Amino acid sequence: MPKPWFKKTGWIHRPITWAGYFSLLFFLLFAVNIVVIVGLRSNSIPDTFLGSLPYLISVFLLYEWVAWRQSLNRK
């Protein structure tokens, strides 16, 4: 059985191996990239927030799905 990448703590999954930390870094950099791209095309901070919110929710849900698939206490 392969070693799990994440451990569930509360509502989120916390990385416990290098692969988990790498995937967290990937998703964080992807989220920052989304905010920067949306921010370049918007006129204000609320426009940036509202424009990037659907993408950030999707990125967070994708991260949680990957973490759930690779977690220690998957049921």
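When a residue number appears, it is its place in the shown sequence, counting from 1. All values derive from a computational prediction rather than experimental measurement. Note: hydrogens, waters and symmetry copies are ignored here, and every other heavy atom, side chains too, is used.
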Within-4.5 Å side-chain heavy-atom neighbours: Ser42 and Phe49: no

Separation of Ile16 CD1 from Lys3 NZ (nearest 0.5 Å): 6.5 Å

For Leu28, all residues meeting side chain to side chain contact (heavy atoms under 4.5 Å, CB included), sequence neighbours excluded: Leu24

Closest heavy-atom pair and its distance - Ser52, Val35: OG-CG2, 4.1 Å

Pro15 to Gly20 - nearest heavy-atom pair and separation: CB-C, 3.4 Å

Nearest heavy atoms of Thr48 and Val38, plus distance in Å: O-CG1, 3.8 Å

With Tyr63, the ring pair (Phe, Tyr, Trp, His ring centres under 6.0 Å) member among Phe6, Phe30, Phe26: Phe6

Phe60: side chain to side chain contact (heavy atoms under 4.5 Å, CB included) partners, not counting sequence neighbours: Ile12, Glu64

Shared hydrophobic cluster for Val59 and Val36 (ILVMFWY, side-chain gaps under 4.5 Å): no

Leu56 reachable from Trp65 in the ILVMFWY side-chain graph, under 4.5 Å edges: no

Gap between atom CG of Leu61 and atom CH2 of Trp68 - 0.5 Å precision: 13.5 Å

Hydrophobic cluster identity match, Ile57 and Leu50, side-chain contacts under 4.5 Å: yes

Ser71 side chain near Lys8 side chain, heavy-atom distance below 4.5 Å: no

Atom CG of Leu29: over 12 foreign heavy atoms under 6.0 Å: yes

Contact check, side chains of Val66 and Phe27, non-hydrogen atoms, under 4.5 Å: yes

